[in-house]
Protein chains: 2
Amino acid sequence: MDTSGFVTSLVTSFIIFLVLYILHLVLSRFPGNDVVYYPSKLLKNIPPPAHRGPLTWISEAWSATEEQILHHAGLDATVYMIFLSSALWICLYTAFYCIPVLLPLSGTDDYYEAQAKKNATGLNVTDFDKVAMGNVTNRSPRLWAFALADYWLTIVILYVLWRSYKHVVQLRTQYQSSPKARPEQYAVLVRDIPQPPSGSISEEVDTFFRGIYPTSYESCVVVTDMSKSSKVWNEIETCRRKLAHSEAVYEISKKRPTHRTGKFGLYGPKVDSIDYYKEEMEKLEPMLKDEQRNANSKSQKGAAIVIFNSRVAATSASQAMHSEFANKWTTMAAPEPREVVWGNLPIPLVQRLARQFMVYVVVFLTIVFYMIPIAFISAIIALDNLEKKLTFLKPIVETPAVKAILQAYLPQLALIVFLALLPMLLLKLSTLEGIPAQSHIVRAAAGKYFYFNVFNVFLGVTLAGSLFNSLNAIIDDPKSIVSLLSKSLPLQATFFITFVALKFFVGYGLQLCRIVPLIIFHLKRKYLCKTDEEIRDAWAPGSFNYATCVPADMLILTITVCYSVIAPVVLAFAIVYFGLGWLLMRNQALNVMVPSWESGGRMWPHMHSRILAALFLSQLTMLGYFGVKEFVYVFLMIPPIIATLVFAYICRQLFYPSFSGSSMSAASKEAKEVPPTESVIEEYTPKCMVSSHGTKGTSDPEKHDENI
Amino acid sequence: MDTSGFVTSLVTSFIIFLVLYILHLVLSRFPGNDVVYYPSKLLKNIPPPAHRGPLTWISEAWSATEEQILHHAGLDATVYMIFLSSALWICLYTAFYCIPVLLPLSGTDDYYEAQAKKNATGLNVTDFDKVAMGNVTNRSPRLWAFALADYWLTIVILYVLWRSYKHVVQLRTQYQSSPKARPEQYAVLVRDIPQPPSGSISEEVDTFFRGIYPTSYESCVVVTDMSKSSKVWNEIETCRRKLAHSEAVYEISKKRPTHRTGKFGLYGPKVDSIDYYKEEMEKLEPMLKDEQRNANSKSQKGAAIVIFNSRVAATSASQAMHSEFANKWTTMAAPEPREVVWGNLPIPLVQRLARQFMVYVVVFLTIVFYMIPIAFISAIIALDNLEKKLTFLKPIVETPAVKAILQAYLPQLALIVFLALLPMLLLKLSTLEGIPAQSHIVRAAAGKYFYFNVFNVFLGVTLAGSLFNSLNAIIDDPKSIVSLLSKSLPLQATFFITFVALKFFVGYGLQLCRIVPLIIFHLKRKYLCKTDEEIRDAWAPGSFNYATCVPADMLILTITVCYSVIAPVVLAFAIVYFGLGWLLMRNQALNVMVPSWESGGRMWPHMHSRILAALFLSQLTMLGYFGVKEFVYVFLMIPPIIATLVFAYICRQLFYPSFSGSSMSAASKEAKEVPPTESVIEEYTPKCMVSSHGTKGTSDPEKHDENI
């Protein structure tokens, strides 16, 4: 890609962004669109801002304090903001040295020119390559400045991460020791309950825990096989919605609606809809009661939520080992009621381990075999290759306008579309591992996605066409990865800068103007929705999708960290990316997203270790690249690597434990009011097992928004 | 080494064993030696057997039940017996297939002869090499039987280990849930206590734990800087002993003993000993009181033993996380009072991690640099080399008798003497890590010793003279270790067989007849000891030295497991080794050793994982050796390796947690009587901090012998 292609890409991206920004400005002024642009505020009965200038949302996002974010969007969202701001600080601090020092140093050198002269070939590099480390002459004393940059980068990242980790731990402790007690603080998830020789599992659990905690044990909710009652419950729910819809239609048209009873209403006898659904519901409700009774008495499973009368008792029970064999009576802090994955709870430990192993194998295969299409994409990137092989394309491709656009967008678009296919598969795979909580599934999927990103997108694109040769070389001699990487990395800097630019201008633009949810909402409201419930479902904002946005940001950060010394220009784009992202996500957190669960910031250690992994990758690359540049003191690149490993170990030891549970000192803080056992039991009863149908039928997003 | 050297070695070893056996028979018949041969029984007031035939101890050791061992020697000794019997079972089961099937198969083949004929060189192998896998022709179908042996070995080891692990876990649970409560079950070790801004640490601990456990917290013993009071206490103790000695001398000789007050009684004014020591003690005792007061008020350190009023409370507190930062208020189950390493308790977490890291580096260097002397030993083993280089030795070495003895013993003796130097260094290093319990230090040292054994003795000797070349080759291409090992291993089988034979005949003979302790005891009694206390100290039996005997046994087991398929003859010797060892150690456990602490069988996971490591090493070697033998289905050697890894992972997950603490269900079993808080405090007060001197002055070995 030459400089003109790059500029075209940048300019087009920016124009798209401007269009979307203006769209947002215009559309968000209509009060009818408030449910799309301010749903979170509306649900909390906070009026959206009356005056909406072009910078209103920016000033609001900028001036919001952390307490406000915490209050409106919960701790998970706050931790995501801390991640974005940490990334931003890393880029800013690094740029503070790299841009003013390294850019002039490489810009005023002439390695590429000298090489071109020596080999008597044309100069085949972009302007961007000229301000990168590749343009510094081998063995030049200027390399010292780059070596210093490696140290600076390490210090900056370790410092920012240390500060952020401490801050997140403090926020988490605050959350856990809040006087406002939450039901999950009184509950412990018990799995792998052994089948008693006689009597029911609930009796067994009662006896076991009452024996150990005679004064603090309260009650238990045993997990049952809910497949049948859940099916009936869903049928009732469908009928209830259709009945409400029919009644609304009747009210508007004053004509009793009818439909056919066959599939999709296509065949079968025609019936009066209102009467039919009423009858159906009356028929189904006793069935549901039967199924619930059946499940409770006959199909109890080996897992339960055990409820205690104090936070201290529940916390200590969640951390203690209850049986001498670790595959019996395993306990852990109960997940929030909203995020419990009921189906996964009864899976026994050995099966969980086996499932985990199998999922890892599948993920490994996925990562390895997706390399093939990515390699094709890499080949396409080199448009010249395409022309050579498909000569009939030449007349079209040679048109200057077409060529510029193709060069600017085709490869990046292919990559982005391609990446959009994966998250669902990874979420599904993570669910199969037997993880008990939604938030944990999301973390597991995000972790897999990150590996995919690094191996396929970053390394795959970097090692480019020679991927298969490279693989062979690596298998033969694992050490060659460093030299291979350090040779290929500098050549792909421009590609990744374009990738980052496209990602932030178009991606953030879309997020800001919410054009897709807006259109869908208006279409639904016009043609489908009749009842209030249906309309509310149509604009339901949803929560942050951490499983995809965290790995996406991590990919950008990995690229930035790896290129920050080799091609410091990347830093400028990264600063815009994370700066814009930080503002936009704060806006989303304040005005749009409604969290569907709260894990108490447990995403942080995941983010922390991956940032460190990016740093480690960058340091390895530098080690190799200084070798390529024939820097004599290349061994000086080793101490930062050791520092990173020691830092990772210390953080793991010091901070990580507090993310797997609550500390006793936090749990022992006085709670304002202890939730009564009945209400905790009710929270942990799945919707389809509630005896009087409808009390928990609609989710109430306001219930948990004041957790902090 | 040729066959005659081997036979000489075996016969001499056996003769030494016989001599020692007869010595034991004769010496143990004198009732005056009972304190050497039956100290454990005497201390428990059990009369030693009246009739002592040549097989008395064998029949006693054979017929003793596990309960008896548990009762007399504690759980740690029982676990050591289980380790020996597991090793024995592994050898027996493996031999059951390998000896009758593999020996004839290789004995009737003629690979070595064919090779010798082909190259027209003399046959340069021992008779033992002829019954080993090396003598099987390449690509022969007979190799299938050897491949099967690899599977058989894997199945045997995994089965025996699974059975033993379950058994040990049950014993440990029994020990922990015993109605006879022990003080450490009510105590929790708290480290990393933050320095309070005002007030003493003991107040801080009181406030913190009373806040979290208002009903179950009882009291605490804060660790203090005891260096000064310990010094004074030791001076008083010396005076007391000397006073008693002088009084005893006076009683016998009726003449008041005198001595000079200078160093070693060599100079200074002459004084009456009895008066002098009495005065000294009177002078020192108020000093001790002062120092104790000082320590308790001014030099409290950041660690404490916290005492609870129930086992359940202490167990759950020991497993819970108390602060959100893992470097504050770290808790763990308190070690037995006897094994607490007071000086290590106040070391802060980060310093512990740093110390651990540094110790690992030192151990790594030790292992690497000890390779140099071992390489010299390997060179000596090849006596022919010696002759070639030191020609003046030739006339001496060529004498048949000298040559046979040299060949038989020199190398093994050098190795054994050499290995005797190491354990103390490793124990010292492990103490420096900041480990709080004696038993843990012993485990850590044993682990290091095992690595040393495997890397230096086993691999070092195996890779023999070519060690440095090998190292280079391995660094260049890590995969080459497998092929290197599999080429060198078969050639060293005879050496290791001699090593095992020497080890068990001479080592066990010495252990049985206890000639060294006997001589020392009689010398001391005759010339030094005057008081009863001094005599008792002279015959004090001590406990099993797990730090050296477990790695030594592990080395033999590693050798056996690695050679059991390649040279099945090794199995016969291993069976004698572990059979004799099992008998002898049971005898020691019943009659001789008195445990100085009890860790509740925590050595087992350590042994378990090292046996698995030996299996893994063996499987890797087989993988390479089948390659060398050009066996077409060599990939069939991979599934056992995977099985071993999966097994190790499952055992780690399933069984290991119960070794780091007690389970709640075990702790919740009713205790017969709860020890009063004062007595627990007293147990956890170091001798030099007890206010009235002398109450804990002499250790009382009977106090803990009925723990089970």
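Residue numbering restarts at 1 for every chain, and letters A, B, ... go by the order of the sequence lines. Model, not experiment: these values are computed from the prediction. Only heavy atoms go into these numbers, but all of them, side chains included; no hydrogens, no water, no symmetry mates.
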(message) I need the contact set between residues 304-317 of chain B and chain A: heavy-atom distance under 4.5 Å, sorted by residue number.
(response)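 Under the 4.5 Å heavy-atom cut-off, B/Val312, B/Ser316 qualify.
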(request) For A/Met321 and B/Gly661, work out which heavy atoms get closest and say how close. (result) CE-O, 3.8 Å
(request) Return the minimal non-hydrogen interatomic distance between A/Ser668 and B/Gly211, and the atom names on each side. (result)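 Distance-wise, the nearest heavy atoms are CB-O, 4.3 Å.
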(request) Please examine the side chains of B/Gln319 and A/Gln319, heavy atoms only from C-beta on, and report whether any two atoms are closer than 4.5 Å. (result) no
(request) Side-chain contact test, heavy atoms from C-beta onward, threshold under 4.5 Å: evaluate it for A/Thr215 versus B/Thr215 and give yes or no. (result) no
(request) With side-chain contact (heavy atoms from CB on, under 4.5 Å) as the test, would you mind laying out the steps for A/Val169 and B/Phe325 before giving the verdict? (result) CA-CA 8 Å; A/Val169 169; B/Phe325 294 109; 3.6 Å; yes
(message) Under a 4.5 Å cutoff for heavy-atom pairs, which residue among A/Trp329, A/Tyr649, A/Phe208 has the most contacts with chain B?
(response) A/Tyr649
(message) Quick one: does any side-chain atom of B/Ser658 pair with a main-chain N or O of A/Glu324 as donor and acceptor, under 3.5 Å?
(response) yes
(message) Is it the case that the side chain of B/Ser665 and the backbone of A/His322 share a donor-acceptor pair, with hydrogens and angles ignored and the cut-off at 3.5 Å?
(response) yes
(message) Within this structure, what is the CD1-NZ distance for the pair B/Ile212 and A/Lys669, rounded to the nearest 0.5 Å?
(response) 8.0 Å
(message) I need the B/Ser663 OG to A/Lys328 NZ distance, nearest 0.5 Å.
(response) 11.0 Å
(request) Could you tell me which portion of A/Tyr213 (side chain, backbone, both or neither) has an atom closer than 4.5 angstrom to a non-hydrogen atom of chain B? (result) side chain
